[in-house]
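Take a look at the structure below.
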Amino acid sequence: MPNPLDLIRKLGHAMVERIWRLGFASRFLVAILAQSGTSFRRLSLTLREIYFGGVLSLLIILVSGLFVGLVLGLQGYEILQRFGSTEALGTLVALSLTRELGPVLAAIFFASRAGSSITAEIGLMKATEQLKAMDMMAVNPIARVVAPRFWGGVISMPLLAALFSAMGVIGGWLIGVVFIGVDDGAYWSQMQASVDFRYDVWNGVIKSFVFGVAVSLIAVFEGYDSVPTAEGVSRAITRTVVTSALSILALDFILTSFMFRGAS
């Protein structure tokens with residue numbers, strides 16, 4: 001039978017380690033912000049990371065957004081048909097995407113594709129001692145390697161979320177108007193009348209920006225803090241994907257509770 005004191009000791013040790021890592025990640029974010037001048041003075045560094053993190057993620061974002069819109073159109077039409085409100089299909093699809101599904105799913109796909117890639121790249125640079133070599137040559141690795149990747153993810157995330165939502169709306173239109181036969185004018189007019197820029201579109205942009213900061217920070221931190229071995233890098237990649245997904249869902253609940261409370 002396990003000793004209760006040992007269980008308490010292990011639990012306390014795990015809690016202290018998590019708190020320590022959270023504090024180290026906060027200091028790491030401050031260091032990134034302090035060294036971000038290089039990312040904007042040498043804009044090519046950031047543009048390169050926007051390409052690798054954002055442009056190369058377009059395929060999975062667009063295809064996923066299209067299929068999510070198709071599913072929303074099918075399910076939404078089935079539900080609305082029970083109440084004789086099939087003309088509101090455009091409203092259902094657009095609000096679902098701009099408020100929740102667009103930012104959340106795009107951030108999760110971004111973490112899976114780009115976040116894991118960032119962690120692997122930085123982790124391998126640490127394992128092969130490239131970061132130490134930069135430090136010995138008086139090149140700050142946070143300014144040269146970490147900050148451009150962080151800002152590339154932060155800038156890419158809102159754009160990818162917007163494209164995801166746009167493709168989802170097109171997917172809903174395809175299944176609802178083209179295949180099922182919902183009135184085309186009703187689909188777009190109901191959507192335009194119901195979607196509010198401030199409470200729906202703008203809040204979705206804010207969500208995607210916050211998710212971009214969280215995912216990018218987790219990705220660069222896990223790569224920079226990884227154990228410099230093949231097993232250590234693989235564990236860091238796993239932590240990036242899992243922690244990013246949980247953080248996105250938790251932040252989504254917190255932001256939603258503040259943004260849409262009392263909204264008409």
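Only this structure's heavy atoms are used, side chains among them; waters, hydrogens and symmetry mates stay out.
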* Of the non-hydrogen atoms in Gly171 and Leu70, which two are nearest, and what is the gap between them? -> O-CD2, 3.2 Å

* May I have all residue pairs that pass ring-ring contact (aromatic ring centres under 6.0 Å, His included) and include part of residues 78-135, sequence neighbours excluded? => none

* Structure fact -> Rounded to the nearest 0.5 angstrom, the CG-CD1 distance for Leu131 and Ile122 is 7.5 Å

* **Atom pair CD/OG of Glu49 and Ser117 - distance to nearest 0.5 Å** => 9.0 Å

* If you round to the nearest 0.5 Å, how far is OG of Ser112 from CD1 of Ile237? -> 12.0 Å

* Structure fact -> Rounding to 0.5 Å, atoms CG (Asp200) and OG (Ser96) come to a distance of 10.5 Å

* Structure fact -> Residues passing the salt bridge (Lys or Arg N to Asp or Glu O under 4.0 Å) test with Glu222, sequence neighbours excluded, are Arg21, Arg239

* **Smallest separation among heavy atoms of Pro103 and Leu97, with atom names** => CD-O, 3.4 Å

* Run the numbers on Leu72 and Leu101 for side chain to side chain contact (heavy atoms under 4.5 Å, CB included), then give the verdict. => CA-CA 10 Å; Leu72 274 177; Leu101 293 180; 3.7 Å; yes

* Going only through I, L, V, M, F, W and Y residues with side-chain contacts under 4.5 Å, is there a path from Val220 to Val139? -> yes

* **salt bridge (Lys or Arg N to Asp or Glu O under 4.0 Å) contacts touching residues 36-45 (sequence neighbours left out)** => none

* Asked: If we only count heavy atoms from C-beta on, is the Val145 to Tyr224 side-chain gap below 4.5 Å?
  -> no

* Give the cluster check for Val104 versus Ile218: same hydrophobic cluster or not, with ILVMFWY residues linked at side-chain heavy-atom distances below 4.5 Å. => no

* Is Phe150 linked to Phe209 within one hydrophobic cluster, defined over Ile, Leu, Val, Met, Phe, Trp and Tyr using a side-chain heavy-atom separation of less than 4.5 Å? -> yes

* Apply side chain to side chain contact (heavy atoms under 4.5 Å, CB included) to Phe211 and Ile108, showing your working. => CA-CA 9 Å; Phe211 295 159; Ile108 291 177; over 6 Å; no

* Structure fact -> Minimal heavy-atom distance between Leu89 and Gly73, with the atoms involved, is CD1-O, 3.7 Å

* Asked: Are the side chain of Thr256 and the backbone of Phe253 linked by a donor-acceptor contact shorter than 3.5 Å?
  -> no

* To do: Check whether Val213 and Ile142 end up in the same hydrophobic cluster, where Ile, Leu, Val, Met, Phe, Trp and Tyr are linked by side-chain heavy atoms less than 4.5 Å apart.
  => yes

* Asked: If you look only at pairs with a residue in residues 67-76, which of them pass as a salt bridge (Lys or Arg N to Asp or Glu O under 4.0 Å), with sequence neighbours excluded?
  -> none

* **In one Ile/Leu/Val/Met/Phe/Trp/Tyr side-chain cluster, 4.5 Å: Leu74, Ile79** => no

* To do: Decide side chain to side chain contact (heavy atoms under 4.5 Å, CB included) for Trp202 and Asp196; before the verdict, give the C-alpha distance in whole Å, the side-chain angles of both, and the deciding distance to 0.1 Å.
  => CA-CA 9 Å; Trp202 181 242; Asp196 184 81; over 6 Å; no

* Structure fact -> Nearest heavy-atom contact between Thr86 and Tyr77 is CG2-CE1, 3.5 Å

* Structure fact -> Between Gln130 and Thr128 the two heavy atoms that sit nearest each other are NE2-OG1, 3.0 Å

Distance-only check: which donor-acceptor pairs under 3.5 Å involve side-chain atoms of residues 52-69, not counting sequence neighbours?
unit_1	atom_1	unit_2	atom_2	d
Ser57	OG	Gly53	O	2.7
Ser64	OG	Ile60	O	2.6

* Using the salt bridge (Lys or Arg N to Asp or Glu O under 4.0 Å) rule, collect all pairs that involve residues 114-131, keeping only residues at least two apart or in two chains. => Glu121-Arg149

* Enumerate the residue pairs fulfilling salt bridge (Lys or Arg N to Asp or Glu O under 4.0 Å) with a member in residues 108-119, sequence neighbours excluded, ordered by first and then second residue. => none

* Separation between CD1 of Ile206 and CG of Leu255, rounded to the nearest 0.5 Å -> 8.5 Å

Could you give the side-chain donor-acceptor pairs of residues 174-194 under 3.5 Å, partners two or more places apart or in another chain?
unit_1	atom_1	unit_2	atom_2	d
Asp183	OD2	Gly185	N	3.2
Asp183	OD2	Ala186	N	2.8
Asp184	OD1	Trp173	NE1	3.0
Asp184	OD1	Trp188	NE1	3.0
Tyr187	OH	Val169	O	2.9
Tyr187	OH	Trp173	N	3.0
Ser189	OG	Gly185	O	2.7
Ser189	OG	Ala186	O	3.4
Ser194	OG	Thr91	OG1	3.2
Ser194	OG	Gln190	O	2.9

* Residues in salt bridge (Lys or Arg N to Asp or Glu O under 4.0 Å) contact with Lys207, at least two apart in sequence or another chain -> Glu100, Asp252

* **Closest heavy-atom pair and its distance - Ala219, Gly115** => CB-O, 3.5 Å

* Are Glu231 and Thr229 close enough that a side-chain donor and a side-chain acceptor fall under 3.5 Å? -> no

* Asked: Which residues satisfy the ring pair (Phe, Tyr, Trp, His ring centres under 6.0 Å) test with Phe221, sequence neighbours excluded?
  -> Phe24, Phe28

Donor-acceptor pairs under 3.5 angstrom involving side-chain atoms of residues 151-165: please list them, not counting sequence neighbours.
unit_1	atom_1	unit_2	atom_2	d
Trp151	NE1	Ser36	OG	2.7
Ser156	OG	Gly152	O	2.7
Ser165	OG	Ala161	O	3.2

* To do: Identify, with sequence neighbours excluded, every residue that meets salt bridge (Lys or Arg N to Asp or Glu O under 4.0 Å) alongside Arg144.
  => none

* To do: Supply the atom-to-atom distance Ile254 CD1 to Leu249 CG, rounded to the nearest 0.5 angstrom.
  => 11.0 Å

